[in-house]
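In what follows, a single structure is set out as structure tokens and then discussed.
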Amino acid sequence: MLKVEGINVYYGAIHALKDLSITVNEGEIVTLIGANGAGKSTLLKTLSGLLKPKTGSVEFLDKSITNQSIQSIVKQGLIHCPEGRRVFANMSVEENLELGGYLQDSSSLPADFEKVYTTFPRLLERKKQLAGTLSGGEQQMLAMGRAMMGHPKLLLLDEPSMGLAPLLVQDIFRIIQEVNASGTTVLLVEQNAHQALKIAHRAYVLETGRVVLEGDAKELADSEEIKMAYLGH
Amino acid sequence: MEYFIQQLINGISVGSIYALIALGYTMVYGIIKLINFAHGDVFMVGSFIGLFSARYLASVGLPPVIVLIISLIISMTVSALLGISIERLAYKPLRKASRIAVLITAIGVSFFLEYSGVFVLGPQAKGFPEILNKKQYQLFGSSVQVDSNQIMILVTTVILMIILQYIVHRTKIGKAMRAVSYDMEAARLMGINVDRTISATFAIGSALAAAAGVIFGMTYNSVDPMMGVLPGLKAFVAAVLGGIGSVPGALVGGLLLGTVETEISSLGYSSWRDGVAFAVLILILIFKPSGLFGKNVREKV
Ligand SMILES: Nc1ncnc2c1ncn2[C@@H]1O[C@H](COP(=O)(O)OP(=O)(O)O)[C@@H](O)[C@H]1O
Ligand SMILES: [Mg+2]
């Protein structure tokens, strides 16, 4: 479904992604793990079109999206839920969701709202509330719900569990599995490698802009190398 | 007391003009963090377009209220297009440039509009046609007077504010505008067309300034190519007073500045009239830089 081949991405003189290649197959949860600054967010930003690679190509659903606008990428169902939630704090929960469906036909809105509110009943209770008044966990739910409004075929999640209490982290990971089970492919960036490897099918490990390891998530979780570097035991 | 109320009414009329201009400053700042110094000159252009439209429409014998409404619509539409063009030609190529470069460009655009005005229309002031006959009304049997022009200002401003509220809060483009001004990158990830949203912001801000220009012409009966400078600066102060980036702030800031200015000049300090705005600016910058309705400014890191 997604095929990234040999991309090089720069911030001015900083070479952030180096000859990086990954693939994501339909129906999978693929996780990207790696230390702070490894280039995980940069990769997601390149996929959604916020950044353009200097060389290399990105293919989504068998079409090159390397030089497409963010809008047209979003329209094709590649939806990026950014790091740090980035909800529109000055707008209500409902308005945030509506913006998530910005490119959708307005006739599909009611059914989409329904779907998001079923997944996140908390958001229904707070639909008139300003997003800025929500707790961190609720904001994360809103960010994910907002992304769901865009009819994702491939959902990019950047550190959805960041800064959340352990119980909420469990909730979020359970919901990611649910969303995946209902037919959305997921590319999940996580610092919480332990949890991520539990729910993912496959994983890539990034270090300073390169893929240094890849494989089946269960196997990686058991490998000594990963245990030492990312699982802390 | 009645004297005070009289001045309050006068102040609200002047304040409405400041408020309408201030809205454009604040909306544009909200979305691209630019103090658009050419905004006062868009107000001037709007006023001239209103003048020519009104002259023509009155000469074909239309009734005064229709002349006013159509002149407003023409002036607002043409100025909206002017605003969009200014953004496209002058600011958009500088989207990634430093703020100071854009600011200097804005000042350049301002001079360009002013001196194009002088070149095309000449530097002399022109008389603005009296669209509506001025009539005085006594208020509730007191000595407080309201004239038909002040009523027109109030009605026009209120209608425009209702339309603006509707656009910003109920329409798709309005929601996009709020999203882009809060977090441009996140807005892009929703698939929002940021360029089109910025154009819409310039269009709306410029149209409101044009309406202010027509109202100004009808109030002071005289317009010239430099007329945008002082009201533009004062409206900027009003926007800062209300909290730059805040739409309700611009409205309140404008009304407040107009009233304070009028009250002070009515107390016999009329030579201080123009100084008031700048004293207000200095005071806010010292005591509450975020303005009355200001949020904590989120600087991008
Ligand atoms: N806007 C930026 N400008 C310059 N360098 C950046 C920018 N964003 C990220 N970087 C650099 O790119 C590298 C990868 O960052 P990032 O993708 O955010 O890592 P991660 O998400 O894995 O923590 C880091 O060295 C970071 O300092
Ligand atoms: Mg990151």
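We name chains A, B, ... by the order of the sequence lines, and we start the count at 1 in each one. Small disclaimer: the values here were computed from a predicted structure and weren't measured.
Highest contact tally toward chain B, considering only Leu103(A), Val87(A), Ile73(A), is held by Leu103(A) [criterion: heavy-atom pairs under 4.5 Å]. Comparing Gly100(A), Ser48(A), Ala89(A) by how many heavy-atom pairs each has under 4.5 Å with chain B, the most go to Ala89(A).
Contact annotation for Leu99(A): both backbone and side-chain heavy atoms come within less than 4.5 Å of a heavy atom of chain B. Heavy atoms closer than 4.5 Å to chain B are found nowhere in Ala147(A), neither backbone nor side chain. No part of Glu83(A) comes within reach of chain B, as not one of its non-hydrogen atoms sits under 4.5 angstrom from that chain. Looking at Lys45(A), only its side chain comes within 4.5 Å of chain B, counting heavy atoms on both sides.
The distance from atom CD of Gln71(A) to atom CG of Asp195(B), rounded to the nearest 0.5 Å, is 8.5 Å. Interatomic distance, His169(B) NE2 to Ser92(A) OG, rounded to the nearest 0.5 Å: 11.0 Å. A distance of 7.0 Å separates NZ of Lys175(B) from CE of Met91(A), quoted to the nearest 0.5 Å.
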**OP:** Apply side-chain contact (heavy atoms from CB on, under 4.5 Å) to the pair Met190(B) and Phe88(A), showing each step before the final yes or no.
**Re:** CA-CA 11 Å; Met190(B) 307 294 110; Phe88(A) 301 110; 4.1 Å; yes
Original post:
What's the verdict on side-chain contact (heavy atoms from CB on, under 4.5 Å) for Tyr102(A) and Lys172(B), showing C-alpha distance, side-chain angles and the deciding distance?
Top reply: CA-CA 8 Å; Tyr102(A) 193 78; Lys172(B) 207 163 168 172; 3.6 Å; yes
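Counting heavy atoms of neighbouring residues, nucleotides and ligands inside a 6.0 Å radius, atom CZ of Phe112(B) does not exceed 12 of them. Heavy-atom neighbours of Arg196(B) CZ from other residues, nucleotides or ligands within 6.0 Å: at or below the threshold of 12. Environment of CD in Glu114(A): sparse, with no more than 12 heavy atoms of neighbouring residues, nucleotides or ligands closer than 6.0 Å. Atom NZ of Lys18(A) is surrounded by more than 12 heavy atoms from other residues, nucleotides or ligands within 6.0 Å. Within a 6.0 Å sphere centred on NZ of Lys288(B), heavy atoms belonging to other residues, nucleotides or ligands number more than 12. Atom CD of Glu178(A) is surrounded by more than 12 heavy atoms from other residues, nucleotides or ligands within 6.0 Å.
Counting only heavy atoms from C-beta outward, the side chains of Leu189(B) and Leu50(A) approach each other to under 4.5 Å.
Scanning both residues, Ala186(B) and Arg86(A), for their nearest heavy atoms gives CB-O, 3.8 Å.
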